Amino acid sequence: MTDQPITDPFDGSVIDVVSYDTVEEVDRAVRRARTAFAEWSSQPPVARSDALMALADRVSSRASEYAMVESRQTGKTLRLASEFDVPGSIDNVNFFAGAARQLQGLASGEYDPDHTSVIRREAVGVVGSIAPWNYPLQMAMWKILPAIAAGNTIVLKPAEITPLTSLMLAEDAIAAGIPTGVINIVNGTGPTVGEALVGHGDVDMVSFTGSTPVGRRVMTLAAQRAARVHMELGGKAPFVVFDDADIDAAIQGAAAGALINTGQDCTAATRAYVQRSVFDRFLTGVSQVFAEIRMGDPRATDTDMGPLVSLTQRDRVAGFIDRAVASGARVTAGGQLPGGDLAAGAFYPATVVTSVAQDDEIVQDEIFGPVLVVLPFDTDDEGIRLANDTRFGLAASAWTNDVYRAMRAQREIKAGCVWINDHIPIVSEMPHGGMKGSGFGKDMSLYSMEEYTVIKHVSWDISARSHKPWHRIIFANRQQ
Ligand code: NAD
(Lines give C-alpha, C1' and ligand atoms only; values in the text may rest on other atoms or scores of the structure.)
Protein backbone atom coordinates (compact mmCIF):
# COMPACT_ATOMS: atom_id res chain seq x y z
CA MET A 1 0.00 0.00 0.00
CA THR A 2 1.17 3.54 -0.71
CA ASP A 3 -0.42 6.66 0.72
CA GLN A 4 -1.70 9.15 -1.82
CA PRO A 5 -2.99 12.65 -1.08
CA ILE A 6 -6.35 13.61 -2.57
CA THR A 7 -6.33 17.31 -3.42
CA ASP A 8 -8.87 20.05 -4.02
CA PRO A 9 -8.32 21.47 -7.53
CA PHE A 10 -9.59 24.87 -6.34
CA ASP A 11 -6.46 25.60 -4.31
CA GLY A 12 -4.35 22.43 -4.29
CA SER A 13 -5.03 21.78 -0.59
CA VAL A 14 -4.93 18.18 0.62
CA ILE A 15 -8.42 16.94 1.58
CA ASP A 16 -7.52 13.41 2.62
CA VAL A 17 -4.98 10.66 2.14
CA VAL A 18 -5.93 7.23 0.77
CA SER A 19 -3.91 4.07 0.42
CA TYR A 20 -3.48 2.68 -3.07
CA ASP A 21 -3.95 -1.08 -3.08
CA THR A 22 -1.51 -3.66 -4.35
CA VAL A 23 -2.26 -6.38 -6.89
CA GLU A 24 -2.50 -8.86 -3.97
CA GLU A 25 -5.14 -6.68 -2.34
CA VAL A 26 -7.13 -6.61 -5.56
CA ASP A 27 -7.00 -10.40 -5.53
CA ARG A 28 -8.24 -10.46 -1.92
CA ALA A 29 -11.11 -8.10 -2.83
CA VAL A 30 -12.16 -10.40 -5.69
CA ARG A 31 -12.08 -13.39 -3.31
CA ARG A 32 -14.23 -11.52 -0.80
CA ALA A 33 -16.70 -10.73 -3.57
CA ARG A 34 -16.71 -14.40 -4.68
CA THR A 35 -17.38 -15.61 -1.15
CA ALA A 36 -20.18 -13.09 -0.63
CA PHE A 37 -21.78 -13.97 -3.98
CA ALA A 38 -23.17 -17.33 -2.89
CA GLU A 39 -25.32 -15.87 -0.14
CA TRP A 40 -26.17 -12.50 -1.70
CA SER A 41 -27.32 -14.01 -5.01
CA SER A 42 -29.56 -16.51 -3.24
CA GLN A 43 -31.39 -13.86 -1.19
CA PRO A 44 -34.97 -13.23 -2.26
CA PRO A 45 -35.26 -9.97 -4.21
CA VAL A 46 -37.15 -8.33 -1.37
CA ALA A 47 -34.14 -8.75 0.94
CA ARG A 48 -31.85 -6.97 -1.52
CA SER A 49 -34.52 -4.33 -2.03
CA ASP A 50 -34.83 -3.70 1.73
CA ALA A 51 -31.07 -3.37 2.05
CA LEU A 52 -30.99 -0.81 -0.77
CA MET A 53 -33.79 1.18 0.84
CA ALA A 54 -31.78 1.27 4.07
CA LEU A 55 -28.79 2.48 2.04
CA ALA A 56 -30.89 5.28 0.52
CA ASP A 57 -31.83 6.43 4.04
CA ARG A 58 -28.24 6.31 5.14
CA VAL A 59 -26.95 8.35 2.17
CA SER A 60 -29.83 10.85 2.59
CA SER A 61 -28.91 11.38 6.23
CA ARG A 62 -25.36 12.36 5.16
CA ALA A 63 -26.36 14.21 1.97
CA SER A 64 -24.62 17.49 2.81
CA GLU A 65 -21.40 15.68 3.77
CA TYR A 66 -21.44 13.74 0.48
CA ALA A 67 -22.02 16.97 -1.44
CA MET A 68 -19.12 18.75 0.27
CA VAL A 69 -16.66 15.90 -0.28
CA GLU A 70 -17.78 15.51 -3.90
CA SER A 71 -17.32 19.24 -4.49
CA ARG A 72 -13.88 19.25 -2.89
CA GLN A 73 -12.43 16.23 -4.65
CA THR A 74 -13.64 17.30 -8.11
CA GLY A 75 -13.83 21.11 -7.98
CA LYS A 76 -17.50 21.10 -9.02
CA THR A 77 -19.70 23.70 -7.39
CA LEU A 78 -21.33 22.73 -4.14
CA ARG A 79 -24.64 23.73 -5.75
CA LEU A 80 -24.19 21.15 -8.52
CA ALA A 81 -23.15 18.46 -6.03
CA SER A 82 -26.07 19.28 -3.69
CA GLU A 83 -28.76 19.67 -6.33
CA PHE A 84 -27.71 17.13 -8.95
CA ASP A 85 -25.06 14.57 -7.94
CA VAL A 86 -26.30 13.66 -4.48
CA PRO A 87 -30.10 13.76 -4.95
CA GLY A 88 -29.69 12.00 -8.32
CA SER A 89 -27.67 9.29 -6.57
CA ILE A 90 -30.24 8.85 -3.80
CA ASP A 91 -33.01 8.61 -6.38
CA ASN A 92 -30.97 5.95 -8.13
CA VAL A 93 -30.71 3.88 -4.96
CA ASN A 94 -34.47 4.10 -4.48
CA PHE A 95 -35.08 3.19 -8.11
CA PHE A 96 -32.90 0.07 -7.92
CA ALA A 97 -34.48 -0.93 -4.62
CA GLY A 98 -37.67 -1.26 -6.68
CA ALA A 99 -35.96 -2.71 -9.75
CA ALA A 100 -34.48 -5.54 -7.64
CA ARG A 101 -38.05 -6.89 -7.51
CA GLN A 102 -38.82 -6.40 -11.21
CA LEU A 103 -36.75 -8.89 -13.21
CA GLN A 104 -38.63 -9.84 -16.35
CA GLY A 105 -38.60 -12.45 -19.11
CA LEU A 106 -40.75 -14.44 -21.52
CA ALA A 107 -43.73 -16.32 -20.13
CA SER A 108 -43.15 -19.94 -19.18
CA GLY A 109 -45.10 -22.31 -21.38
CA GLU A 110 -45.22 -25.17 -23.87
CA TYR A 111 -43.49 -23.81 -26.96
CA ASP A 112 -43.57 -27.37 -28.26
CA PRO A 113 -46.06 -30.01 -27.07
CA ASP A 114 -43.48 -32.12 -25.19
CA HIS A 115 -41.68 -29.46 -23.17
CA THR A 116 -42.36 -26.70 -20.70
CA SER A 117 -39.88 -23.86 -21.06
CA VAL A 118 -38.97 -21.67 -18.11
CA ILE A 119 -36.81 -18.56 -18.19
CA ARG A 120 -34.55 -17.86 -15.27
CA ARG A 121 -32.70 -14.58 -14.96
CA GLU A 122 -29.61 -15.08 -12.83
CA ALA A 123 -26.84 -12.85 -11.52
CA VAL A 124 -23.63 -12.92 -13.58
CA GLY A 125 -21.30 -13.33 -10.58
CA VAL A 126 -18.43 -11.09 -9.53
CA VAL A 127 -18.40 -7.78 -11.39
CA GLY A 128 -15.20 -5.75 -11.77
CA SER A 129 -16.00 -2.09 -12.35
CA ILE A 130 -13.90 0.90 -13.25
CA ALA A 131 -15.23 4.45 -12.85
CA PRO A 132 -14.10 7.91 -14.03
CA TRP A 133 -13.55 11.12 -12.03
CA ASN A 134 -16.16 13.46 -13.45
CA TYR A 135 -19.16 12.37 -11.35
CA PRO A 136 -17.51 10.00 -8.85
CA LEU A 137 -20.54 9.34 -6.65
CA GLN A 138 -23.04 9.00 -9.48
CA MET A 139 -20.69 6.78 -11.49
CA ALA A 140 -20.13 4.53 -8.46
CA MET A 141 -23.91 4.34 -8.01
CA TRP A 142 -24.56 3.59 -11.68
CA LYS A 143 -22.09 0.72 -11.52
CA ILE A 144 -22.88 -0.71 -8.08
CA LEU A 145 -26.67 -0.46 -7.89
CA PRO A 146 -27.91 -2.51 -10.84
CA ALA A 147 -25.14 -5.04 -10.21
CA ILE A 148 -26.04 -5.72 -6.59
CA ALA A 149 -29.80 -5.30 -7.10
CA ALA A 150 -29.57 -8.23 -9.52
CA GLY A 151 -27.64 -10.35 -6.99
CA ASN A 152 -24.07 -9.84 -8.16
CA THR A 153 -21.21 -8.75 -5.95
CA ILE A 154 -18.81 -6.06 -7.11
CA VAL A 155 -15.26 -4.79 -6.86
CA LEU A 156 -15.16 -1.14 -7.93
CA LYS A 157 -12.09 0.93 -8.70
CA PRO A 158 -12.92 4.62 -8.59
CA ALA A 159 -10.67 7.06 -10.45
CA GLU A 160 -7.45 7.45 -8.49
CA ILE A 161 -7.94 11.19 -7.95
CA THR A 162 -11.56 11.01 -6.72
CA PRO A 163 -12.12 7.92 -4.53
CA LEU A 164 -13.57 9.59 -1.43
CA THR A 165 -17.34 9.42 -1.98
CA SER A 166 -17.08 5.82 -3.25
CA LEU A 167 -15.36 4.92 0.03
CA MET A 168 -18.11 6.71 1.99
CA LEU A 169 -20.71 4.78 0.02
CA ALA A 170 -19.07 1.43 0.82
CA GLU A 171 -19.06 2.34 4.54
CA ASP A 172 -22.71 3.31 4.39
CA ALA A 173 -23.57 0.07 2.62
CA ILE A 174 -22.16 -1.92 5.55
CA ALA A 175 -24.00 0.32 8.02
CA ALA A 176 -27.20 -0.26 6.03
CA GLY A 177 -26.83 -4.02 6.43
CA ILE A 178 -25.45 -4.96 3.02
CA PRO A 179 -23.13 -7.87 3.88
CA THR A 180 -19.36 -7.48 3.83
CA GLY A 181 -17.93 -8.53 0.50
CA VAL A 182 -20.93 -7.47 -1.59
CA ILE A 183 -19.41 -4.04 -2.34
CA ASN A 184 -15.62 -3.80 -2.39
CA ILE A 185 -13.61 -0.72 -3.29
CA VAL A 186 -10.01 -0.89 -4.48
CA ASN A 187 -7.90 2.24 -4.93
CA GLY A 188 -5.11 2.90 -7.35
CA THR A 189 -4.14 3.79 -10.87
CA GLY A 190 -5.50 2.20 -14.02
CA PRO A 191 -2.39 0.44 -15.31
CA THR A 192 -1.77 -1.29 -11.94
CA VAL A 193 -4.92 -1.77 -9.87
CA GLY A 194 -7.33 -1.30 -12.82
CA GLU A 195 -5.62 -3.90 -14.98
CA ALA A 196 -5.25 -6.33 -12.05
CA LEU A 197 -9.02 -6.09 -11.59
CA VAL A 198 -10.24 -6.33 -15.19
CA GLY A 199 -7.66 -9.00 -15.98
CA HIS A 200 -8.49 -11.11 -12.91
CA GLY A 201 -9.50 -14.63 -13.88
CA ASP A 202 -12.29 -14.81 -11.30
CA VAL A 203 -14.08 -11.63 -12.40
CA ASP A 204 -17.10 -12.72 -14.44
CA MET A 205 -17.99 -9.36 -15.92
CA VAL A 206 -16.21 -6.05 -16.49
CA SER A 207 -18.18 -2.84 -16.42
CA PHE A 208 -16.21 0.22 -17.46
CA THR A 209 -16.97 3.92 -17.66
CA GLY A 210 -14.23 6.13 -18.99
CA SER A 211 -12.50 7.22 -22.15
CA THR A 212 -12.69 5.28 -25.41
CA PRO A 213 -8.94 4.46 -25.66
CA VAL A 214 -8.85 3.01 -22.13
CA GLY A 215 -12.11 1.19 -22.81
CA ARG A 216 -10.50 -0.53 -25.78
CA ARG A 217 -7.59 -1.65 -23.57
CA VAL A 218 -10.02 -2.95 -20.92
CA MET A 219 -11.97 -4.90 -23.55
CA THR A 220 -8.75 -6.51 -24.76
CA LEU A 221 -7.93 -7.72 -21.24
CA ALA A 222 -11.46 -9.04 -20.66
CA ALA A 223 -11.42 -10.74 -24.07
CA GLN A 224 -8.53 -12.98 -22.95
CA ARG A 225 -11.04 -14.98 -20.93
CA ALA A 226 -14.17 -14.06 -22.96
CA ALA A 227 -15.64 -12.17 -19.99
CA ARG A 228 -18.80 -10.14 -20.47
CA VAL A 229 -18.13 -6.40 -20.90
CA HIS A 230 -20.23 -3.27 -20.54
CA MET A 231 -18.67 -0.10 -21.93
CA GLU A 232 -19.74 3.47 -21.26
CA LEU A 233 -17.19 5.53 -23.17
CA GLY A 234 -16.55 9.03 -24.38
CA GLY A 235 -18.86 11.48 -26.10
CA LYS A 236 -18.83 14.53 -28.36
CA ALA A 237 -22.47 15.57 -28.38
CA PRO A 238 -23.84 17.64 -31.25
CA PHE A 239 -26.31 20.46 -30.57
CA VAL A 240 -28.26 21.14 -33.78
CA VAL A 241 -30.11 24.47 -34.03
CA PHE A 242 -32.58 24.78 -36.90
CA ASP A 243 -33.62 28.20 -38.16
CA ASP A 244 -37.15 28.05 -36.71
CA ALA A 245 -35.90 27.31 -33.15
CA ASP A 246 -36.43 29.56 -30.15
CA ILE A 247 -32.91 31.03 -30.38
CA ASP A 248 -32.88 32.49 -26.86
CA ALA A 249 -33.75 29.06 -25.48
CA ALA A 250 -31.04 27.48 -27.64
CA ILE A 251 -28.43 30.00 -26.42
CA GLN A 252 -29.34 29.40 -22.79
CA GLY A 253 -29.50 25.63 -23.37
CA ALA A 254 -26.11 25.56 -25.10
CA ALA A 255 -24.45 27.36 -22.19
CA ALA A 256 -26.02 25.09 -19.58
CA GLY A 257 -25.46 21.97 -21.68
CA ALA A 258 -21.82 22.78 -22.43
CA LEU A 259 -20.77 24.11 -19.05
CA ILE A 260 -22.37 21.70 -16.59
CA ASN A 261 -19.64 20.19 -14.41
CA THR A 262 -17.17 22.58 -16.09
CA GLY A 263 -17.83 20.70 -19.33
CA GLN A 264 -16.50 17.44 -17.87
CA ASP A 265 -19.64 15.57 -18.79
CA CYS A 266 -19.69 12.80 -21.37
CA THR A 267 -23.05 14.07 -22.70
CA ALA A 268 -22.11 17.79 -22.65
CA ALA A 269 -23.00 19.89 -25.68
CA THR A 270 -19.70 20.28 -27.52
CA ARG A 271 -20.49 20.89 -31.20
CA ALA A 272 -23.21 23.45 -31.98
CA TYR A 273 -24.33 23.30 -35.61
CA VAL A 274 -26.48 26.33 -36.34
CA GLN A 275 -28.48 27.01 -39.51
CA ARG A 276 -26.87 29.86 -41.38
CA SER A 277 -29.68 32.44 -41.16
CA VAL A 278 -29.57 32.35 -37.32
CA PHE A 279 -25.85 31.61 -36.97
CA ASP A 280 -24.62 35.14 -36.15
CA ARG A 281 -27.36 35.73 -33.61
CA PHE A 282 -26.64 32.41 -31.88
CA LEU A 283 -22.87 32.90 -31.88
CA THR A 284 -23.10 36.44 -30.49
CA GLY A 285 -25.63 35.41 -27.83
CA VAL A 286 -23.85 32.27 -26.67
CA SER A 287 -20.48 34.07 -26.59
CA GLN A 288 -21.97 36.76 -24.37
CA VAL A 289 -23.42 34.21 -21.92
CA PHE A 290 -20.09 32.36 -21.81
CA ALA A 291 -18.15 35.60 -21.23
CA GLU A 292 -20.35 36.38 -18.22
CA ILE A 293 -19.73 33.02 -16.48
CA ARG A 294 -18.22 33.66 -13.06
CA MET A 295 -15.42 31.32 -12.03
CA GLY A 296 -14.39 31.09 -8.40
CA ASP A 297 -14.62 29.23 -5.13
CA PRO A 298 -16.84 26.17 -5.80
CA ARG A 299 -18.42 26.62 -2.37
CA ALA A 300 -19.40 30.27 -2.93
CA THR A 301 -23.03 30.81 -3.89
CA ASP A 302 -22.18 33.38 -6.58
CA THR A 303 -19.82 31.02 -8.46
CA ASP A 304 -21.19 29.64 -11.74
CA MET A 305 -18.28 27.37 -12.58
CA GLY A 306 -15.50 25.78 -10.53
CA PRO A 307 -12.10 24.61 -11.70
CA LEU A 308 -11.44 21.53 -13.79
CA VAL A 309 -10.63 18.38 -11.88
CA SER A 310 -6.83 18.83 -12.02
CA LEU A 311 -4.07 20.98 -13.44
CA THR A 312 -3.38 18.16 -15.89
CA GLN A 313 -6.92 18.39 -17.23
CA ARG A 314 -6.71 22.20 -17.39
CA ASP A 315 -3.51 22.00 -19.44
CA ARG A 316 -5.08 19.41 -21.71
CA VAL A 317 -8.05 21.72 -22.42
CA ALA A 318 -5.75 24.74 -22.93
CA GLY A 319 -3.71 22.68 -25.41
CA PHE A 320 -6.77 22.08 -27.61
CA ILE A 321 -7.58 25.80 -27.74
CA ASP A 322 -3.98 26.89 -28.32
CA ARG A 323 -3.55 24.45 -31.20
CA ALA A 324 -6.88 25.50 -32.75
CA VAL A 325 -5.94 29.19 -32.54
CA ALA A 326 -2.56 28.46 -34.09
CA SER A 327 -4.43 26.88 -37.03
CA GLY A 328 -6.69 29.91 -37.54
CA ALA A 329 -9.65 29.30 -35.21
CA ARG A 330 -11.52 32.34 -33.85
CA VAL A 331 -12.21 32.42 -30.10
CA THR A 332 -15.29 34.53 -29.31
CA ALA A 333 -15.30 34.00 -25.52
CA GLY A 334 -12.71 32.77 -23.02
CA GLY A 335 -9.61 31.06 -24.33
CA GLN A 336 -7.14 32.58 -21.85
CA LEU A 337 -5.95 31.11 -18.57
CA PRO A 338 -7.11 33.36 -15.72
CA GLY A 339 -4.60 35.25 -13.57
CA GLY A 340 -4.91 36.66 -10.07
CA ASP A 341 -6.44 34.53 -7.33
CA LEU A 342 -7.55 31.87 -9.81
CA ALA A 343 -4.12 31.21 -11.27
CA ALA A 344 -3.24 28.60 -8.64
CA GLY A 345 -6.40 26.57 -9.25
CA ALA A 346 -7.21 24.34 -12.22
CA PHE A 347 -9.39 27.03 -13.83
CA TYR A 348 -10.13 27.37 -17.52
CA PRO A 349 -12.75 29.88 -18.71
CA ALA A 350 -15.96 29.12 -20.59
CA THR A 351 -14.76 29.22 -24.19
CA VAL A 352 -16.49 29.50 -27.57
CA VAL A 353 -14.56 28.61 -30.72
CA THR A 354 -15.59 29.04 -34.36
CA SER A 355 -14.03 29.13 -37.85
CA VAL A 356 -12.68 25.59 -37.63
CA ALA A 357 -13.01 22.68 -40.05
CA GLN A 358 -15.24 19.68 -39.39
CA ASP A 359 -12.27 17.32 -39.36
CA ASP A 360 -10.15 19.41 -36.94
CA GLU A 361 -9.28 17.74 -33.64
CA ILE A 362 -11.27 20.36 -31.73
CA VAL A 363 -14.43 19.14 -33.54
CA GLN A 364 -13.62 15.43 -33.51
CA ASP A 365 -11.85 14.71 -30.20
CA GLU A 366 -13.24 14.74 -26.70
CA ILE A 367 -11.89 17.82 -24.86
CA PHE A 368 -13.78 17.34 -21.57
CA GLY A 369 -13.72 21.00 -20.61
CA PRO A 370 -15.89 24.17 -20.86
CA VAL A 371 -15.54 24.52 -24.62
CA LEU A 372 -18.25 24.87 -27.26
CA VAL A 373 -17.44 24.83 -30.97
CA VAL A 374 -20.02 26.66 -33.13
CA LEU A 375 -20.28 25.94 -36.86
CA PRO A 376 -22.87 26.85 -39.52
CA PHE A 377 -24.91 24.60 -41.80
CA ASP A 378 -27.26 25.31 -44.70
CA THR A 379 -29.74 22.49 -45.35
CA ASP A 380 -31.40 20.15 -42.84
CA ASP A 381 -29.61 17.26 -44.54
CA GLU A 382 -26.27 18.92 -43.89
CA GLY A 383 -27.08 19.65 -40.22
CA ILE A 384 -27.90 16.02 -39.54
CA ARG A 385 -24.94 14.77 -41.55
CA LEU A 386 -22.53 16.96 -39.55
CA ALA A 387 -24.11 15.88 -36.26
CA ASN A 388 -23.44 12.25 -37.21
CA ASP A 389 -19.95 12.94 -38.56
CA THR A 390 -18.18 11.70 -35.41
CA ARG A 391 -16.87 8.42 -34.08
CA PHE A 392 -18.92 8.97 -30.91
CA GLY A 393 -22.64 8.41 -30.35
CA LEU A 394 -23.57 9.06 -26.74
CA ALA A 395 -25.91 12.05 -26.73
CA ALA A 396 -27.26 14.82 -28.96
CA SER A 397 -29.91 17.51 -29.07
CA ALA A 398 -32.01 19.15 -31.76
CA TRP A 399 -33.59 22.57 -31.39
CA THR A 400 -36.68 23.32 -33.50
CA ASN A 401 -40.37 24.08 -33.16
CA ASP A 402 -41.17 22.14 -36.34
CA VAL A 403 -42.50 18.71 -35.38
CA TYR A 404 -41.33 17.10 -38.62
CA ARG A 405 -37.78 18.37 -38.23
CA ALA A 406 -37.76 17.15 -34.63
CA MET A 407 -39.10 13.73 -35.65
CA ARG A 408 -36.46 13.44 -38.33
CA ALA A 409 -33.65 14.48 -35.98
CA GLN A 410 -34.60 12.04 -33.22
CA ARG A 411 -34.79 9.22 -35.76
CA GLU A 412 -31.66 9.97 -37.79
CA ILE A 413 -29.13 11.17 -35.23
CA LYS A 414 -27.07 8.21 -34.09
CA ALA A 415 -26.76 8.63 -30.33
CA GLY A 416 -27.92 6.80 -27.22
CA CYS A 417 -29.98 9.81 -26.14
CA VAL A 418 -31.48 12.59 -28.24
CA TRP A 419 -33.04 15.57 -26.48
CA ILE A 420 -35.48 17.84 -28.29
CA ASN A 421 -35.26 21.50 -27.17
CA ASP A 422 -33.16 20.66 -24.13
CA HIS A 423 -29.78 19.08 -23.38
CA ILE A 424 -28.62 17.18 -20.23
CA PRO A 425 -31.60 16.15 -18.05
CA ILE A 426 -31.57 12.48 -17.05
CA VAL A 427 -33.89 10.33 -14.94
CA SER A 428 -33.32 7.02 -13.17
CA GLU A 429 -36.10 5.31 -15.16
CA MET A 430 -34.49 5.97 -18.55
CA PRO A 431 -31.37 4.30 -19.97
CA HIS A 432 -28.01 5.99 -20.43
CA GLY A 433 -25.52 4.51 -22.86
CA GLY A 434 -23.89 4.97 -26.19
CA MET A 435 -23.67 3.84 -29.79
CA LYS A 436 -20.60 3.68 -32.06
CA GLY A 437 -17.34 4.58 -30.25
CA SER A 438 -19.28 5.64 -27.15
CA GLY A 439 -19.68 2.00 -26.18
CA PHE A 440 -22.55 -0.40 -25.59
CA GLY A 441 -24.83 -1.43 -22.79
CA LYS A 442 -26.97 0.74 -20.56
CA ASP A 443 -26.64 2.34 -17.15
CA MET A 444 -29.71 3.28 -15.09
CA SER A 445 -33.27 2.08 -15.82
CA LEU A 446 -34.52 -1.50 -16.08
CA TYR A 447 -32.38 -1.86 -19.21
CA SER A 448 -29.26 -1.90 -17.02
CA MET A 449 -30.57 -5.05 -15.35
CA GLU A 450 -30.06 -6.76 -18.72
CA GLU A 451 -26.34 -6.07 -18.43
CA TYR A 452 -26.00 -7.59 -14.97
CA THR A 453 -28.10 -10.72 -15.46
CA VAL A 454 -27.81 -13.80 -17.62
CA ILE A 455 -30.79 -15.57 -19.11
CA LYS A 456 -31.07 -19.28 -18.57
CA HIS A 457 -33.57 -21.44 -20.46
CA VAL A 458 -34.75 -24.46 -18.48
CA SER A 459 -36.59 -26.99 -20.62
CA TRP A 460 -38.70 -29.64 -18.86
CA ASP A 461 -39.77 -32.81 -20.65
CA ILE A 462 -43.50 -33.32 -20.11
CA SER A 463 -43.99 -36.34 -22.39
CA ALA A 464 -42.62 -38.80 -19.79
CA ARG A 465 -41.58 -41.11 -22.67
CA SER A 466 -38.20 -42.87 -22.72
CA HIS A 467 -38.26 -43.00 -26.54
CA LYS A 468 -39.11 -39.44 -27.46
CA PRO A 469 -40.51 -38.66 -30.89
CA TRP A 470 -37.58 -36.43 -31.86
CA HIS A 471 -35.08 -39.32 -31.36
CA ARG A 472 -36.16 -40.55 -34.79
CA ILE A 473 -33.84 -37.93 -36.24
CA ILE A 474 -30.88 -39.74 -34.66
CA PHE A 475 -31.77 -43.40 -35.11
CA ALA A 476 -32.25 -43.54 -38.90
CA ASN A 477 -34.96 -46.01 -39.86
CA ARG A 478 -34.74 -48.27 -36.82
CA GLN A 479 -37.97 -48.60 -34.90
CA GLN A 480 -38.05 -46.40 -31.79
P1 NAD B 1 -10.08 7.39 -18.19
O2 NAD B 1 -10.45 6.48 -19.30
O3 NAD B 1 -8.74 8.05 -18.24
O4 NAD B 1 -10.13 6.65 -16.80
C5 NAD B 1 -11.32 6.00 -16.39
C6 NAD B 1 -10.96 4.97 -15.35
O7 NAD B 1 -10.16 3.97 -15.98
C8 NAD B 1 -10.13 5.50 -14.17
O9 NAD B 1 -10.58 4.86 -12.99
C10 NAD B 1 -8.72 5.04 -14.52
O11 NAD B 1 -7.90 4.84 -13.39
C12 NAD B 1 -9.02 3.71 -15.19
N13 NAD B 1 -7.96 3.22 -16.08
C14 NAD B 1 -7.03 3.93 -16.77
N15 NAD B 1 -6.23 3.10 -17.46
C16 NAD B 1 -6.65 1.84 -17.20
C17 NAD B 1 -6.23 0.55 -17.61
N18 NAD B 1 -5.18 0.39 -18.45
N19 NAD B 1 -6.90 -0.53 -17.15
C20 NAD B 1 -7.95 -0.39 -16.33
N21 NAD B 1 -8.40 0.81 -15.88
C22 NAD B 1 -7.77 1.91 -16.33
O23 NAD B 1 -11.27 8.44 -18.09
P24 NAD B 1 -11.38 9.67 -17.10
O25 NAD B 1 -10.42 10.70 -17.61
O26 NAD B 1 -11.33 9.23 -15.69
O27 NAD B 1 -12.90 10.13 -17.34
C28 NAD B 1 -13.28 10.85 -18.44
C29 NAD B 1 -13.79 9.94 -19.54
O30 NAD B 1 -14.90 9.18 -19.06
C31 NAD B 1 -14.32 10.71 -20.71
O32 NAD B 1 -13.90 10.07 -21.90
C33 NAD B 1 -15.83 10.60 -20.56
O34 NAD B 1 -16.55 10.77 -21.74
C35 NAD B 1 -15.97 9.26 -20.00
N36 NAD B 1 -17.28 9.10 -19.33
C37 NAD B 1 -18.24 8.38 -19.97
C38 NAD B 1 -19.49 8.23 -19.39
C39 NAD B 1 -20.57 7.44 -20.08
O40 NAD B 1 -21.56 7.14 -19.44
N41 NAD B 1 -20.42 7.07 -21.33
C42 NAD B 1 -19.76 8.81 -18.14
C43 NAD B 1 -18.75 9.54 -17.53
C44 NAD B 1 -17.49 9.67 -18.13
Side-chain angles (χ1 to χ4, degrees), residues 4 18 20-21 23 26 73-74 76 85 88 92 128-143 146 155-163 166 185-200 203 206-224 227 229-237 260-270 308-310 312-314 316-317 365-369 390-396 415-417 424 426 430-445 447-448 451:
Q4 292 290 331
V18 299
Y20 279 4
D21 290 300
V23 169
V26 173
Q73 68 175 350
T74 59
K76 69 179 71 197
D85 299 64
N92 247 263
S129 269
I130 306 269
W133 43 254
N134 58 338
Y135 292 104
L137 179 63
Q138 293 201 81
M139 293 302 103
M141 293 285 191
W142 290 14
K143 298 279 149 218
V155 182
L156 173 90
K157 189 196 89 59
E160 54 272 37
I161 54 174
T162 57
S166 302
I185 308 290
V186 290
N187 290 313
T189 64
T192 52
V193 171
E195 295 210 1
L197 178 58
V198 300
H200 196 290
V203 166
V206 173
S207 166
F208 173 82
T209 298
S211 62
T212 304
V214 176
R216 280 199 291 266
R217 167 79 184 142
V218 167
M219 272 194 277
T220 307
L221 290 168
Q224 308 304 312
V229 289
H230 171 200
M231 290 281 139
E232 296 285 354
L233 307 177
K236 188 77 182 174
I260 185 167
N261 210 33
T262 319
Q264 301 160 119
D265 182 307
C266 49
T267 62
T270 58
L308 290 149
V309 75
S310 64
T312 311
Q313 187 62 12
R314 180 200 66 181
R316 186 169 179 274
V317 172
D365 292 349
E366 195 176 33
I367 301 172
F368 232 51
T390 167
R391 58 185 184 281
F392 297 108
L394 188 59
C417 173
I424 290 297
I426 51 174
M430 288 293 137
H432 171 95
M435 297 180 180
K436 298 159 66 180
S438 293
F440 45 85
K442 299 294 174 192
D443 283 328
M444 305 209 291
S445 79
Y447 290 98
S448 69
E451 311 297 331

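Just so it is clear, the model here is predicted, and its values are computed rather than measured. Reckoned from all heavy atoms, side chains included, excluding hydrogens, waters and symmetry mates. In listed order, ligands and their atoms are each counted from 1. The first residue of the sequence shown is numbered 1, and numbering continues consecutively from there.
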(request) Taking all non-hydrogen atoms of both residues into account, name the closest pair between K143 and S207 and its distance. (result) NZ-OG, 2.9 Å
(message) How close do A222 and V229 get, counting heavy atoms only, and between which atoms?
(response) CB-CG1, 3.4 Å
Please say whether [X] places an N or O atom under 3.5 Å from an N or O atom belonging to ligand 1.
X: H432; answer: yes
X: I130; answer: no
X: E160; answer: yes
X: T189; answer: no
X: W142; answer: no

(message) Are the side chains of Q4 and E160 in contact, using a 4.5 Å heavy-atom criterion?
(response) no
(request) Indicate yes or no: at least one non-hydrogen side-chain atom of R217 is less than 4.5 angstrom from one of E195. (result) yes
Just go through [options] and tell me whose heavy atom is the nearest to [atom].
atom: atom 5 (C) of ligand 1; options: T192, T209, V214; value: T209
atom: atom 3 (O) of ligand 1; options: G215, G190, S211, G441; value: S211
atom: atom 34 (O) of ligand 1; options: Q138, E366, R316; value: E366
atom: atom 27 (O) of ligand 1; options: A131, P132, P213; value: P132

(request) Could you tell me if any non-hydrogen atom of S438 lies under 4.0 Å from any atom of ligand 1? (result) no
(message) With a 4.0 Å cut-off on heavy atoms, is Y135 in contact with ligand 1?
(response) no
Would you mind listing which atoms of ligand 1 come within a distance below 4.0 Å of any non-hydrogen atom of [X]?
X: G194; result: 20 (C), 21 (N)
X: L394; result: 41 (N)
X: G210; result: 2 (O), 5 (C), 23 (O), 29 (C), 30 (O), 32 (O), 35 (C)
X: M139; result: 42 (C), 43 (C)
X: N134; result: 43 (C), 44 (C)
X: G235; result: 34 (O)
X: A159; result: 9 (O)

(request) Please work out whether any backbone atom (N, CA, C, O) or any side-chain heavy atom from C-beta onward of L221 is under 4.0 Å from ligand 1, and answer side chain, backbone, both or neither. (result) neither
(message) Please classify the V218 to ligand 1 contact at 4.0 Å (heavy-atom distances, strictly less than): side chain, backbone, both or neither.
(response) side chain
(message) So if I apply the side-chain hydrogen bond (donor to acceptor under 3.5 Å, both in side chains) rule between Y135 and each of T74, D85, D265, which one comes out positive?
(response) D265
[atom] [closest protein heavy-atom partner, distance rounded to 0.1 Å]:
atom: atom 42 (C) of ligand 1; value: C266 SG, 2.9 Å
atom: atom 19 (N) of ligand 1; value: E195 CG, 3.3 Å
atom: atom 28 (C) of ligand 1; value: F368 CE2, 3.4 Å

(message) Can you confirm whether some protein heavy atom lies under 4.0 Å from atom 15 (N) of ligand 1, or whether none does?
(response) yes
